[in-house]
Amino acid sequence: MSGSAARTATADVVCLGESMVTFLPSQPGRLADVPSFGRGIGGAESNVACALAAAGHRAKWVGRVGADGFGDHLVDAIAGYGVDTSAVRRDPDRPTGVYFRTATDRATDAHEVAYYRAGSAASAMSPHNVPYHDLLNTRVLHLSGITAALSADCLALLHDLTAPRDGRPLISFDVNHRPGLWREGEAGPEVLLALARRSDLVFVGEDEAEEAWGVHGTEAIRAALPEPDVLVVKRGADGVTVFSRSGGGDTVTTVPSLRVDVVAAVGAGDAFAAGFLSATLRDLPVRDRARHGHLMAAAVLTVPGDLTGPPPRAYADRLAALDDEAWGTLRLGPGWTVADGANEEVRVT
């Protein structure tokens, strides 16, 4: 990140994107059969902001919500995690987006999601109505490909924010390829590739890179994205591979995933990004950045919802500092974030 951005920043990380009210099922089953739903919040970028604020960083969420009760709930709930929501704008003419989902793993065919976000307040974000002072007065600006898919105005906003400019903060970009969000005739994969190539730190799943761009394997993904200083390729159960530019070439760091007793496989990608960004802000080594990403993801995977409090920093630091053998035998279960070294939910097996 540029020295001027780091000196004048009033936030550690600003996250821009749509947050929606999420309706979570009271029991497993098809949406048609679920009798009732509980209310939560959901949004890739606001999830990252909440996790970072809970981890002790100055996090700000910039978004647009309706002048309605759901908008009130979103702003209050996100602020409740310690996130600065002062730059959120209210739209008197468009509603806050909502969605319903089933309780099943989103990677399975049984998972259903019903979005009601078309024409939402967030889809009206553009270079003309967002507070650029808030967006750029930060050490890190975190964006995702979801925002680019919401509307032509949102895409124009992301193109402008990723353009070279003096004093630009470090641009973090999570590809988040969601084919169902792109309108017919739009070249979503090409748009996401262009935005990623204009960013400084990129998160992308190995599977989504193959689906979007037809490239397979970490080296091929790096060849498709040569510009970012740091490229994090998420490989599921195989961990992550991080390409970090140093001198004239890349340093390649592979960090295995943790073994986790999963309660709900939702929110892990956002949590990983938050953990990696948290360690980046602290200037930790690349290996430890990835390990903190895994630990933050494990915190979310061992609770039912998309958000949870992270482990205490000193505790996470101790786990991240384990030698490779101990890291490889670590297993985390529900309750581990409040554990100490003797808790049965943190096991070395």
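In what follows, every heavy atom counts, from backbone to side chain, and hydrogens, waters and symmetry copies are set aside.
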Worksheet entry | Pairs where residues 14-28 contributes a residue and the test salt bridge (charged side-chain N to carboxylate O under 4.0 Å, His left out) is met, not counting sequence neighbours | Glu18-Arg117
Worksheet entry | Sequence-distant partners of Asp84, salt bridge (Lys or Arg N to Asp or Glu O under 4.0 Å), two or more places apart | Lys60
Worksheet item: Is Trp213 linked to Leu195 within one hydrophobic cluster, defined over Ile, Leu, Val, Met, Phe, Trp and Tyr using a side-chain heavy-atom separation of less than 4.5 Å?
Response: yes
Worksheet item: What's the verdict on salt bridge (Lys or Arg N to Asp or Glu O under 4.0 Å) for Asp288 and Arg282, showing C-alpha distance, side-chain angles and the deciding distance?
Response: CA-CA 10 Å; Asp288 290 1; Arg282 297 168 60 203; over 6 Å; no
Item to complete: Might you work through the side chain to side chain contact (heavy atoms under 4.5 Å, CB included) test for Thr22 and Arg39, ending with a clear yes or no?
Response: CA-CA 6 Å; Thr22 310; Arg39 185 179 64 177; over 6 Å; no
Discussion item. Could you work out, with salt bridge (Lys or Arg N to Asp or Glu O under 4.0 Å) as the rule, every residue matching Asp12, not counting sequence neighbours?
Written reply: Arg58, Arg139
Response to the item:
In short, ring pair (Phe, Tyr, Trp, His ring centres under 6.0 Å) pairs touching residues 160-183 with sequence neighbours left out are none
Practice prompt. Linking directly or through intermediates, with side-chain heavy atoms under 4.5 Å: list the remaining ILVMFWY members grouped with Leu74, chain and number order.
Written response: Val21, Phe23, Leu31, Val34, Phe37, Ile41, Trp61, Val65, Phe70, Val75, Ile78, Tyr81, Val83, Val88, Val98, Phe100, Tyr116, Leu307
Worksheet item: Are the side chain of Thr162 and the backbone N or O of Ser199 linked by a donor-acceptor pair below 3.5 Å?
Response: no
Discussion item. Hydrophobic cluster membership, with links at side-chain heavy-atom distances under 4.5 Å among I/L/V/M/F/W/Y: are Met296 and Trp336 in one?
Written reply: no
Worksheet entry | Test salt bridge (Lys or Arg N to Asp or Glu O under 4.0 Å) applied to Arg165 - qualifying residues, sequence neighbours left out | Asp160
Fill in: Residue pairs involving residues 25-35 (criterion salt bridge (charged side-chain N to carboxylate O under 4.0 Å, His left out); sequence neighbours excluded)
Arg30-Asp33
Fill in: side chain to side chain contact (heavy atoms under 4.5 Å, CB included) between Leu281 and Val140, intermediate numbers included
CA-CA 8 Å; Leu281 288 164; Val140 178; 3.9 Å; yes
Worksheet item: How far does CG of Leu258 sit from CG of Leu330, to the nearest 0.5 angstrom?
Response: 5.5 Å
Worksheet item: Should Leu150 and Val130 be regarded as members of a common hydrophobic cluster, given that ILVMFWY residues are connected when their side-chain heavy atoms come within less than 4.5 Å of each other, either directly or indirectly?
Response: no
Practice prompt. Any pair with a residue in residues 242-257 that passes salt bridge (charged side-chain N to carboxylate O under 4.0 Å, His left out), sequence neighbours left out, goes on the list, sorted by first then second residue, please.
Written response: Arg222-Asp250, Asp229-Arg245
Item to complete: Could you go through the side chain to side chain donor-acceptor pair (under 3.5 Å) check for Thr241 and Thr218 one step at a time?
Response: CA-CA 7 Å; Thr241 296; Thr218 57; 4.8 Å; no
Fill in: Shared hydrophobic cluster, Val263 / Val338 (ILVMFWY, side-chain heavy atoms < 4.5 Å)
no
Worksheet item: Between the side chain of Ser151 and the main-chain N/O of Cys154, is any donor-acceptor distance below 3.5 Å?
Response: yes
Fill in: Any donor-acceptor N/O pair, Ser19 side chain to Gly42 backbone, under 3.5 Å
yes
Worksheet item: Which residue pairs pass the ring pair (Phe, Tyr, Trp, His ring centres under 6.0 Å) test with at least one member in residues 233-253, sequence neighbours excluded?
Response: none
Worksheet entry | Where at least one partner belongs to residues 260-301, residue pairs that pass ring pair (Phe, Tyr, Trp, His ring centres under 6.0 Å), sequence neighbours excluded | Phe203-Phe276, Phe272-His294
Worksheet item: Linking I/L/V/M/F/W/Y whenever any side-chain heavy atoms sit under 4.5 Å apart, do Val300 and Leu24 land together?
Response: no
Worksheet item: Under the 4.5 Å side-chain heavy-atom rule for ILVMFWY, direct or indirect, which residues accompany Ile146?
Response: Leu181
Practice prompt. Assess whether side chain to side chain contact (heavy atoms under 4.5 Å, CB included) is satisfied between Asn129 and Arg89, documenting all intermediate values.
Written response: CA-CA 9 Å; Asn129 63 15; Arg89 297 293 183 260; over 6 Å; no
Fill in: Contacts of type salt bridge (Lys or Arg N to Asp or Glu O under 4.0 Å), residue Glu186, not counting sequence neighbours
Arg183
Fill in: From CG (Asn176) to CG (Leu143), nearest 0.5 Å
11.5 Å
